[in-house]
Amino acid sequence: MARDPRFDVLFEPVRIGPVTAPNRFYQVPHCTGMGYRRPQSLAALREMKAEGGWGTVCTEYCSIHPSSDDEPFPSASLWDDEDIDWHALMVDKVHAHGALAGVELWHGGAGSANHYSREAPLGPTSMPAGVNDPVQTRAMDKADIRELKRWHVEAARRAQRAGFDIVYVYAAHWYLIRQFLLPSNQRSDEYGGTLENRARLLRELIIETKEAIGDTCAVAVRFSASTSGEDDDQDTEEPREMLELLSDLPDLWDITVHDYSYEMGTSRFVEEAGLEATMSWVKGVTDKPVVSVGRFTSPETMLRLVRQGVIDLIGAARPSIAGAFLPQIIAEGRDDEIRECIGCNICYTGDQTGTPIRCTQNPTMGEEWRKGWHPEQIPLKGSEARILIVGGGPAGLEAAMSLGKRGYDVTLAEARRELGGRVTLESALPGLAQWARVRDWRLNQIDKLPNVEFYRESVVDEEQILEFAPDRVVIATGAKWRRDGIGRWHETPIPGWDTPSVITPDDIMAGAIPTGPVVVFDDDHYYMGGVIAEALRRTGLDVTLATPANEVSTWTTHTEEQYRIQARILGLGIALETGTSLASVNEGSVILKSIHTGQTKKVEAANVVMTTSRLPQDALYYALADRVAIQRIGDCLAPGTIATAVYSGHRAAREMDAEVPIGVPFRRE
Ligand code: ADP
Ligand code: SF4
């Protein structure tokens, strides 16, 4: 199918200083949890974006000196010449597909605690460093500032030798250059105090970087369009003045906002193109090209923003992670096939936990080198086996789609009328609507495959499977929330768990409506407890959210959501009991118990929603385990995230009739 000529504008080249981006699709710098530790994995990951049509592909933040070390979060580095080769590896792979390669030179300043290098962190003044780490920076003197500029220029020269086309001066987020820009920088010398003084370091870095490498490389500046304020009402006054001061110095402005949880907000809190209101003024004060992000997956939105002169380049981190081939798919007019990011931020949890990136929508993300997985290609089938999949949740659908693409004859039986399993159910909860994209993209793909057949409203049992006699059976029957309260805190059933007032998130999602005050007991710590509490509160019920953790939904610190979730819970008037276990359930009430003091408290509760852990629905698997060729996948194998289920389904499909390494199942660096 030819693309709509309206979208041709997205494929126009854009001049950026001495280089030209072949199109407007620009993968902005984004972390991968790989950094300098996993260069081969990283090079293959970036190459895949270039192959998929991203006209510019950047690294993650790249440290210029050991005084900026972000361990345990893995950054890239250009500390000395030894670091050049592995960057060149990535650059060559990106260039091979005609894309530009960019590097985001970075000094963390007070943003890094330097756990690895043990260098004293640097800052414009002596201030707390790292993330609640018990260390402070040393205030930079003039000699330090000169040194910083030298490191930056030397790193830029190394970047040029590695072959990069775009080199960043990174003045955004909570890192060193921005620490100089902000009003909190009240140094008494010419680098602090007035706005001009605070902008001096950035100005000098841009000029010196351009002098050093500007003959062949574009110099980009990543800059925040705001200094404070709420979501759509951010304070842009100072950034505007500063940008006016520096307007045509760099070759490209890469614009962000002050609040990272908004910039990369999950779909639970932030819409597509969320930054527009804060940054749409930027092109009015510079003649240089502007790139910015906004979880863009709609070609219409991209087109509108370019046409309206808001941005020149479509910045993307997450849309390029879920949709490594998004530009190519738009180029070919297959817009309905865009693998749209769902805005869950599972990709960010890799960096946050110091592990390679993963993605809910794209199970091949991070596996390009170590497993040789390609997001758009999968080997043909290895046999004529007929395959029965039981369960149409994310695991079952991914397996059906991938096996179908391999050419197998696939039958999928699903108990419910609606496909999608937990994704269908959970996407009906507040804020999670976009998660349905996990189901919808797969159904759309399967629709194009003649060899995948669905049986809906078909509860499959042991006899039926034996009678159907497929060559292989894949059990993807999911998991159910436990009723007895066993989880991380309670290792044995909570006394009174079997009273009728105890329900689970599955009951709520199936339509159960509590009749009076509710206690949600969250010992799961990801999103479910908070979302259920929110859903119930929005029906007008009195809700108490109790959790043994010291904050709500504590794992969501990794998805950059925790503050927003806690703010929403408190804002809705949900009573919060942190550091609290559930001592017992009685008819009409519960006894909560402080995990710190042991003090108990009686709380009225017509219902208790146990959100603690899940039980795999694996009876069918065990009933047939030794009798037919059978395997289980997804939550039925081991309950986890939707990303885990999709990955599990994909892996099962890839490994069907394939040679799988014995022992370590992937290549290591
Ligand atoms: P996962 O996340 O592993 O994909 P889900 O819980 O989302 O798991 O999906 C499991 C799906 O399996 C659900 O849609 C459920 O209705 C379906 N299912 C469970 N048991 C059976 C069965 N015996 N026959 C058919 N479908 C089943
Ligand atoms: Fe989008 Fe989630 Fe994939 Fe990240 S993990 S790219 S947020 S779908």
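Counting convention: from 1, in listed order, for ligands and their atoms alike.
- Salt-bridge check for E340 with R295: failed, with every basic side-chain N at 4.0 Å or more from each acidic carboxylate O.
- Both the sub-6.0 Å distance and the 45° axial angle are satisfied by R667 relative to the ring of W369.
- Close approach of ligand 1 to S458 (heavy-atom distance below 4.0 Å) involves ligand atoms 24 (N), 25 (C).
- The shortest N/O to N/O separation between V460 and ligand 1 falls below 3.5 Å.
- Contact atoms of ligand 1 toward A645: 2 (O) (distance under 4.0 Å to a heavy atom of the residue).
- Looking at A476 against ligand 1, only its backbone comes within 4.0 Å, counting heavy atoms.
- For ligand 1, one of its N or O atoms has an N or O atom of A415 under 3.5 Å away.
- Considering only non-hydrogen protein atoms, atom 4 (O) of ligand 1 sits nearest to A395 N, 2.9 Å.
- By the side-chain contact (heavy atoms from CB on, under 4.5 Å) test, T364 is found to be paired with N362, W373, P375, H650, R654, residues two or more places apart in sequence or in another chain being considered.
- For ligand 1, the atoms lying closer than 4.0 Å to a non-hydrogen atom of A413 are 25 (C), 26 (N).
- Contact between D523 and G487 at its shortest, heavy atoms only, is OD2-C, 3.6 Å.
- Using modelled atom types, one finds no donor on one side chain facing an acceptor on the other under 3.5 Å when comparing T559 with T556.
- When the heavy atoms of L419, T477, I389, V646 are ranked by distance to atom 19 (C) of ligand 1, first place goes to T477.
- Evaluation of the side-chain contact (heavy atoms from CB on, under 4.5 Å) rule for A436 yields S427, R439, D440 as partners, not counting sequence neighbours.
- The number of heavy-atom neighbours closer than 6.0 Å to CZ of F468, taken from other residues, nucleotides and ligands shown, is above 12.
- Contact detail for P29 and R222: the closest heavy-atom pair is O-NH2, 3.4 Å.
- Of all heavy-atom pairs between C58 and M90, the closest is C-CE, 4.2 Å.
- In terms of protein heavy atoms, atom 9 (O) of ligand 1 is closest to G393 CA, 3.5 Å.
- Close contacts between ligand 1 and R422 involve ligand atoms 2 (O), 5 (P), 7 (O) [criterion: under 4.0 Å to a heavy atom].
- Taking distances strictly below 2.8 Å, the protein N/O/S atoms close to atom 4 (Fe) of ligand 2 are C347 SG.
- In terms of polar-atom proximity, defined here as any N/O pair under 3.5 Å, R416 makes no such contact with ligand 1.
- No N or O atom of C636 sits closer than 3.5 Å to an N or O atom of ligand 1.
- To the nearest 0.5 Å, atoms CG (L100) and OH (Y26) are separated by 8.5 Å.
- Among all protein heavy atoms, the one lying closest to atom 8 (O) of ligand 1 is G478 CA, 3.2 Å.
- The option from T644, I642, D635 that lies nearest to atom 1 (P) of ligand 1, judged by heavy atoms, is D635.
- Distances below 4.0 Å separate heavy atoms of P394 from the following atoms of ligand 1: 1 (P), 2 (O), 4 (O), 7 (O).
- Contact between G649 and I633 at its shortest, heavy atoms only, is CA-CD1, 3.8 Å.
- Under the salt bridge (charged side-chain N to carboxylate O under 4.0 Å, His left out) criterion, the residue pairs touching residues 419-433 are R422-E426, R422-D635, with sequence neighbours excluded.
- Nearest protein heavy-atom contact of atom 12 (O) of ligand 1 is G391 CA, 3.2 Å.
- Side chains of S320 and Q27: no donor on one and acceptor on the other come within 3.5 Å.
- In terms of protein heavy-atom proximity, atom 13 (C) of ligand 1 is nearest to E414 OE1, 3.5 Å.
- For ligand 1, the polar-atom distance check finds no N/O of G634 at less than 3.5 Å from any of the ligand's N/O atoms.
- Considering all non-hydrogen atoms of both residues, C62 and V103 come closest at CB-CG2, 3.8 Å.
- Between the side chains of T557 and Q352, not a single donor N or O lies within less than 3.5 Å of an accepting N or O.
- Under a 4.0 Å criterion applied to the non-hydrogen atoms of V390, ligand 1 contributes the atoms 22 (C), 24 (N), 25 (C).
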